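This report concerns only the one structure given below.
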Amino acid sequence: MFFDYALVHVKFTIPLAGLLTFLVKPFLTYLDATKILFLVTIAVAATIPWDSYLIRTGVWTYPEDGVLGSSLFSIPVEELFFFVIQTYITSLVYIFCNKPVLLAQYLTTREARPEWIRQGKAFGQFLFVAFTAFGGFLVIQNDQRTYLGLILAWACPVLWMTWSLSGDMILALPWTSTVLPIMAPTIYLWFVDELSLRQGVWTIEDDTKLGSQLFGKLDLEEAIFFLISNMLVVFGLLAFDKATAVHDAFPELFPQPSSSVPMMSLLRARAVPSAHYDMERIIGIQESVARLQKKSRSFYIASSVFPGRVRIDLTLLYSYCRLADDLIDNAETPEEALDWIFKLKGHPDSVYCAPKAANVGHFIRANFPPSAHSALNLLPTHVISSEPLYELLEGFRTDVEFKMSDRPPIQEEEHLELYASRVASTIGELCLDVIFYHTLQKVENKRALYSAAKEMGIALQYVNIARDVAVDAKIGRVYLPVSWLEEEGMTTEMVLEKPSGPQIDVMRRRLLGKAFQRYRNSRPAMDMIPKEGRGPMIVAVESYMEIGRVLAEGGLRVEGKATVPAWRRIGVVWKTALRNS
Ligand SMILES: CC(C)=CCC/C(C)=C/CC/C(C)=C/CC/C(C)=C/[C@@H]1[C@@H](COP(=O)(O)OP(=O)(O)O)[C@]1(C)CC/C=C(\C)CC/C=C(\C)CCC=C(C)C
């Protein structure tokens with residue numbers, strides 16, 4: 001049929017590329033676009049001589065009426081377009097699969113690598129060298145194994161190079177970051193290729209092929225070609241991302257943010273020998289990511305849309321806040337909890353107030369258990385101000401008061417507001433500190449932004465309290481003001497005994513009403529946040545407020561905790577990111 005090859009694109013590759021663009025676009029960053037462009041350029045430049053040779057030596061042929069007729073170095077334009085679109089498709093799948101992963105946590109020095117990774121990397125290097133030599137041997141034989149030989153001799157040296165650069169990281173990453181973005185487009189392209197071979201859109205000559213098929217008409221060489229070419233794309237992207245991860249993880253070596261860095265700077269990051277990686281920082285980042293992933297689904301999902309260095313600092317900040325909260329909540333006695341508050345205040349004292357010679361590390365080791373060290377050591381104190389930190393710790397004192405006195409600390413609405421402003425407005429301020437530190441933009445209206453962030457913090461805290469009435473009651477806390485309870489004919493003891501029922505629902509709705517009022521007051525200001533953090537910050541806030549929406553709709557409860565179904569969370573993240581991209 002006429003223009004069969006072009007029709008393959010119209011029917012199979014372009015619609016998939018369009019769908020993926022639609023799905024991934026809200027999350028695409030400037031750096032992602034640069035990566036794709038870089039990879040497409042390399043793929044086209046590296047494939048042209050090889051493909052041209054295959055066509056000119058008759059390994060591949062195309063029926064004359066099956067192609068449009070224009071060509072470059074004997075390669076039909078449709079084929080050139082294939083290099084571009086395959087690289088584009090695989091890159092988008094890779095980017096989509098890797099958004100949830102903070103790559104910096106997978107950096108390792110040689111000594112820190114598990115034995116199986118060291119051996120796996122060496123084995124991979126050996127395999128790629130062996131396959132290169134085998135490919136060369138097959139090409140020299142010039143028989144039915146020529147096409148296979150040409151594929152191996154062309155691709156394996158590049159695979160060896162990218163594997164040598166990032167094999168350790170490739171092995172350490174979850175399969176969803178490596179195997180999935182290689183195999184998903186490969187299997188799709190196998191089916192497209194099988195169909196094309198069946199319809200005679202292109203043909204591999206019998207003299208130069210093995211004659212075995214993976215399935216249907218799909219020659220083994222073709223199956224290997226798509227697998228290997230997608231490995232080239234994914235390994236190339238991973239080599240690029242490893243450089244970005246090094247750059248993001250070690251701000252002392254690379255002061256510029258990676259979202260703005262020129263290629264040369266990334267190349268310099270790639271050239272840093274792994275022996276120079278600060279493993280204490282990497283392990284601290286790993287622990288923070290694990291804490292975030294375990295403790296807050298909303299902030300964990302939202303964190304994936306932040307640019308690298310902002311994401312690391314927010315994750316470290318979360319880890320510190322969660323650790324401090326847990327130390328106090330898990331204390332056996334109120335005295336122990338107060339002691340933690342005292343020690344936690346000693347930490348910013350030693351960072352911000354003490355003479356420069358004061359040894360913060362020593363203070364941390366002397367006062368906290370080992371599981372707390374990384375969260376305290378890595379808190380980005382050079383980025384955030386001290387006042388909100390002290391205020392946050394002061395807020396935790398209210399939590400202790402529940403156990404210390406018979407009179408509940410939240411008597412009136414104003415007490416609730418003060419508590420929320422201490423534990424959550426402070427978080428809003430600290431989040432803005434992180435964004436302002438990392439932006440290249442000059443920020444106008446900082447005061448208005450801080451004031452809106454404080455308001456938004458209260459909104460989120462009210463949602464948190466409305467959700468956790470039952471969870472909090474289990475640990476002896478009722479954050480609903482006593483004056484509200486009285487209006488509903490209830491006492492604190494009654495809530496502690498049975499934290500559900502129509503009166504609780506009335507108060508929950510009342511609290512959510514206040515949360516949404518504050519959300520509406522502060523949300524417009526978010527459009528003034530610098531562009532590096534605007535979209536992601538809105539995503540973080542919206543995914544948390546979604547909990548409030550589910551609650552207001554009388555949504556699902558699991559063990560007393562309202563949960564937002566995964567599809568709804570992802571939907572909110574996607575829609576919010578799209579609106580703000
Ligand atoms: C994306 C990312 C990693 C964000 C991290 C945000 C962060 C540092 C949160 C700290 C969380 C924390 C443990 C604080 C201790 C006090 C506390 C418990 C506060 C409650 C948070 C809930 O956290 P939790 O771990 O319990 O999570 P789950 O409910 O289990 O999912 C709070 C509800 C407070 C959260 C408040 C904020 C994140 C501040 C919101 C304001 C902004 C983002 C600024 C918006 C800017 C403008 C201009 C309006």
Side-chain angles (χ1 to χ4, degrees), residues 102 288-289 291-307 310-329 344 375 379-380 383-384 388-389 391-396 398-399 419-436 443 445-468 471-472 477 479 515 518-530 533-548 551 561-564 569 573:
L102 182 57
S288 303
V289 173
R291 192 169 272 139
L292 174 63
Q293 186 169 16
K294 184 164 166 223
K295 299 284 181 154
S296 176
R297 258 179 291 174
S298 315
F299 292 131
Y300 178 67
I301 297 181
S303 75
S304 42
V305 287
F306 281 93
V310 180
R311 179 176 184 179
I312 292 178
D313 278 351
L314 283 177
T315 305
L316 295 174
L317 176 61
Y318 179 90
S319 177
Y320 166 85
C321 296
R322 181 40 57 223
L323 166 89
D325 198 18
D326 286 352
L327 280 176
I328 294 153
D329 282 356
L344 283 162
L379 177 68
V383 171
I384 55 176
L389 277 187
E391 193 68 9
L392 171 70
L393 298 172
E394 201 45 44
F396 291 148
T398 307
D399 294 335
Y419 170 71
S421 79
R422 282 183 168 156
V423 298
S425 293
T426 50
I427 307 291
E429 283 179 271
L430 293 167
C431 289
L432 277 192
D433 282 348
V434 172
I435 301 286
F436 292 161
V443 190
N445 307 320
K446 271 195 182 176
R447 275 162 76 107
L449 279 169
Y450 275 117
S451 135
K454 290 181 190 175
E455 183 86 347
M456 190 61 94
I458 297 184
L460 266 57
Q461 185 60 27
Y462 283 2
V463 169
N464 181 282
I465 292 175
R467 179 194 63 185
D468 288 349
V471 176
D472 291 332
R477 297 178 190 172
Y479 291 100
R518 285 180 184 267
Y519 160 81
R520 279 190 295 274
N521 292 343
S522 49
R523 176 64 184 78
M526 294 193 83
D527 296 333
M528 298 187 298
I529 295 178
R534 188 188 313 135
M537 244 343 156
I538 297 176
V539 168
V541 162
E542 289 300 338
S543 19
Y544 209 86
M545 288 309 289
E546 196 64 10
I547 302 173
L551 274 176
K561 207 165 173 168
T563 58
V564 179
R569 270 173 211 278
V573 171

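Ligands are counted one by one from 1 in listed order, and the atoms in each one are counted from 1 as well. Not measured: the values here are computed from a predicted model. Computed over heavy atoms, backbone and side chain alike; hydrogens, waters and symmetry mates excluded.
- A heavy-atom distance below 4.5 Å is not found between the side chains of Ser543 and Arg569.
- Ser296 contributes no side-chain N or O that, together with a main-chain N or O of Leu292, makes up a donor-acceptor pair within less than 3.5 Å.
- Note on residues 453-463: pairs passing salt bridge (Lys or Arg N to Asp or Glu O under 4.0 Å), not counting sequence neighbours, are Glu455-Arg518.
- Considering both main-chain and side-chain atoms, Arg467 comes within under 3.5 Å of ligand 1 through a nitrogen or oxygen pair.
- Between Thr315 and ligand 1, not a single N/O pair is under 3.5 Å apart.
- Every atom of ligand 1 with a heavy atom of Leu317 under 4.0 Å away is listed here by number and element: 8 (C).
- A donor-acceptor pair under 3.5 Å is absent between the side-chain atoms of Ser319 and the main chain of Thr315, judged by distance alone.
- Residue Met537 approaches ligand 1 through these ligand atoms, each under 4.0 Å from one of its heavy atoms: 43 (C).
- Within the set Ala420, Ala302, Gly428, the minimum heavy-atom distance to atom 42 (C) of ligand 1 is found for Gly428.
- The shortest N/O to N/O separation between Ser296 and ligand 1 falls below 3.5 Å.
- The six-membered or imidazole ring of Tyr519 lies away from that of Tyr544, with a centre-to-centre distance of 6.0 Å or more.
- Counting heavy atoms from C-beta on, the side chains of Phe306 and Leu102 never come closer than 4.5 Å.
- Between the side chain of Arg422 and the backbone N or O of Glu394, no donor-acceptor pair lies under 3.5 Å.
- Close approach of ligand 1 to Met526 is summarised as follows: ligand atoms under 4.0 Å from at least one heavy atom of the residue are 45 (C), 46 (C), 47 (C), 49 (C).
- Ligand 1 has no nitrogen or oxygen under 3.5 angstrom from a nitrogen or oxygen of Gln461.
- Here the side chains of Phe396 and Leu344 are not in contact, with every heavy-atom distance at 4.5 Å or above.
- Between Arg322 and ligand 1, at least one N/O pair is under 3.5 Å apart.
- Heavy atoms of Tyr544 approach ligand 1 to within less than 4.0 angstrom.
- Here is the list of ligand 1 atoms found below 4.0 Å of a heavy atom in Val423: 16 (C), 19 (C).
- The shortest N or O to N or O distance between Arg297 and ligand 1 is not under 3.5 Å.
- Contacts between Asp325 and ligand 1, counted as non-hydrogen atom pairs separated by less than 4.0 Å, involve the side chain only.
- Under a 4.0 angstrom heavy-atom cut-off, Glu429 registers as lying outside contact with ligand 1.
- With a 4.5 Å cut-off on side-chain heavy atoms, Arg523 and Met456 count as touching.
- Counting atoms of ligand 1 from 1 in the listed order, those under 4.0 Å from a heavy atom of Lys295 are 30 (O).
- Salt bridge annotation for Lys295-Asp326: present, with a cationic side-chain nitrogen under 4.0 angstrom from a carboxylate oxygen.
- Using a 4.0 Å heavy-atom cutoff, Phe306 is listed among the residues neighbouring ligand 1.
- Residue contacts with ligand 1, taken as heavy atom pairs separated by less than 4.0 Å, do not involve Glu455 at all.
- Under 4.0 angstrom from ligand 1, the non-hydrogen atoms of Leu449 come from both its backbone and its side chain.
- Arg477 pairs by the salt bridge (charged side-chain N to carboxylate O under 4.0 Å, His left out) definition with Asp329, Asp399, not counting sequence neighbours.
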